[in-house]
S.K.: 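I have a structure here, written as structure tokens, and I will follow up with some questions on it.
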Amino acid sequence: MKAITIIQPWATLIAILEKGNETRGWATKHRGPIAIHAGKKIDREACEVPEIKAALARHGYTVDNLPTGAVVAIANLTECWSIGTDYQSGMPLLYNGTGATDKRVSVKEDKFGFYSPGRFAWEMSDVKRLAEPTPAKGMQGLWNWEGAA
């Protein structure tokens, strides 16, 4: 199964269904199952942003108990959107170039990603948090995870 390493708290925010998109500087053609791997790095500053801190707290997490170096969830990568700007609202706008309807990014989701024009939003669905994080060594880019889901 393909996997993506994401620093904390972003990986856990996906696992607990608070974040639906992972923003990246590169696109992917992959669609289908993807393991969400929490890297060893924790963005401690991000964990103190009120919206992020509150989302983590709703699920019993703090900066000090986030899992690291482990797969925390399995998701379905359903779309890779290009990020632009809705010129009326100034909010990020997602488009996929296929003629499908563009999507606006919610105010909440905007707080949980880097939605700068020219970047990409990987849309996750059917996210299943693992009961116990599965230790794994991550890497850059998409990689193959051999663990059981």
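Please read all numbers here as calculations on a predicted model, not as lab measurements.
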S.K.: Are Trp122 and Phe114 linked, directly or through intermediate hydrophobic residues, by side-chain heavy-atom contacts shorter than 4.5 Å (ILVMFWY only)?
M.R.: no
S.K.: Look at atom NZ of Lys41 and say whether more than 12 heavy atoms of other residues, nucleotides or ligands are closer to it than 6.0 Å.
M.R.: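 12 or below, so no.
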S.K.: If you take all heavy atoms of Thr12 and Pro67, which pair is closest and at what distance?
M.R.: OG1-CD, 3.8 Å
S.K.: Among the clusters formed by ILVMFWY side chains lying less than 4.5 Å apart, do Trp143 and Ile74 turn up in the same one?
M.R.: yes
S.K.: Using 0.5 Å steps for rounding, measure from the NZ atom of Lys111 to the CD1 atom of Ile52.
M.R.: 9.5 Å
S.K.: If I compare all heavy atoms of Pro133 with all of Ala70, which pair ends up nearest, and what's the gap?
M.R.: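 Taking Pro133 first and Ala70 second, the nearest heavy atoms are CB-CB, 3.7 Å.
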S.K.: Among residues two or more places apart or on two chains, list those pairs meeting side chain to side chain donor-acceptor pair (under 3.5 Å) that have a residue in residues 43-53.
M.R.: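 Side chain to side chain donor-acceptor pair (under 3.5 Å) check on residues 43-53 returns Glu48-Lys53.
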S.K.: State yes or no: do Met91 and Phe112 share one hydrophobic cluster built from I, L, V, M, F, W and Y residues joined by side-chain heavy-atom distances below 4.5 Å, directly or via other members?
M.R.: no
S.K.: Could you give me the CA-CA distance, side-chain angles and deciding distance for Lys19 and Met124, then say whether side-chain contact (heavy atoms from CB on, under 4.5 Å) is met?
M.R.: CA-CA 9 Å; Lys19 173 179 166 66; Met124 306 290 174; over 6 Å; no
S.K.: Tell me whether Ile6 is reachable from Leu17 by hopping between hydrophobic residues (I, L, V, M, F, W, Y) whose side-chain heavy atoms are closer than 4.5 Å.
M.R.: yes
S.K.: Rounded to the nearest 0.5 Å, what separates atom CZ in Phe120 from atom CH2 in Trp26?
M.R.: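 The distance works out to 10.5 Å.
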S.K.: Taking all non-hydrogen atoms of both residues into account, name the closest pair between Ala75 and Val127 and its distance.
M.R.: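 Here Ala75 and Val127 meet closest at CB-CG2, 3.8 Å.
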S.K.: Under 3.5 Å, is there a donor-acceptor pair between the Glu123 and Trp81 side chains?
M.R.: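 Indeed, the side chains of Glu123 and Trp81 share at least one donor-acceptor pair under 3.5 Å.
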S.K.: Which atoms form the tightest heavy-atom contact between Cys47 and Leu66, and what is the distance?
M.R.: SG-CD1, 3.8 Å
S.K.: Who passes side-chain hydrogen bond (donor to acceptor under 3.5 Å, both in side chains) against Asp64, sequence neighbours left out?
M.R.: none
S.K.: Nearest 0.5 angstrom please: Thr23 OG1 to Leu94 CG, how far?
M.R.: 10.5 Å
S.K.: Kindly say whether Asn21 contributes a backbone atom to a donor-acceptor pair with the side chain of Glu109 at under 3.5 angstrom?
M.R.: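 A pair under 3.5 Å: yes.
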S.K.: How long is the gap from OG1 on Thr68 to CD on Gln8, to the nearest 0.5 Å?
M.R.: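 Those atoms lie 7.5 Å apart.
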S.K.: Nearest 0.5 Å, please: how far is OH in Tyr61 from CG in Leu13?
M.R.: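 It comes to 10.5 Å.
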S.K.: Working to the nearest 0.5 angstrom, can you tell me the gap between Asn76 CG and Lys128 NZ?
M.R.: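 It is 9.5 Å, given to the nearest 0.5 Å.
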S.K.: Given Thr62 and Leu56, is the side-chain contact (heavy atoms from CB on, under 4.5 Å) satisfied, shown in steps?
M.R.: CA-CA 6 Å; Thr62 68; Leu56 293 171; over 6 Å; no
S.K.: Do you know the tightest heavy-atom contact between Ile83 and Pro92?
M.R.: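 Nearest heavy atoms, Ile83 then Pro92: CG2-CB, 4.4 Å.
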S.K.: Under 3.5 Å, side-chain donor or acceptor atoms of residues 28-39 against the rest of the protein: list the pairs with distances, not counting sequence neighbours.
M.R.:
| from | atom 1 | to | atom 2 | distance (Å) |
| --- | --- | --- | --- | --- |
| Thr28 | OG1 | His30 | N | 3.1 |
| His30 | NE2 | Pro33 | O | 3.0 |
| Arg31 | NH1 | Thr28 | O | 3.0 |
| Arg31 | NH1 | Lys29 | O | 3.4 |
| Arg31 | NH2 | Glu79 | OE2 | 3.1 |
| His37 | ND1 | Thr5 | OG1 | 3.0 |
| His37 | NE2 | Ala136 | O | 2.8 |

S.K.: Can Lys2 and Leu77 be said to form a side-chain contact (heavy atoms from CB on, under 4.5 Å), step by step?
M.R.: CA-CA 10 Å; Lys2 292 295 184 191; Leu77 176 60; over 6 Å; no
S.K.: Any link between Met139 and Trp145 through a network of hydrophobic side chains (Ile, Leu, Val, Met, Phe, Trp, Tyr) touching at under 4.5 Å?
M.R.: yes
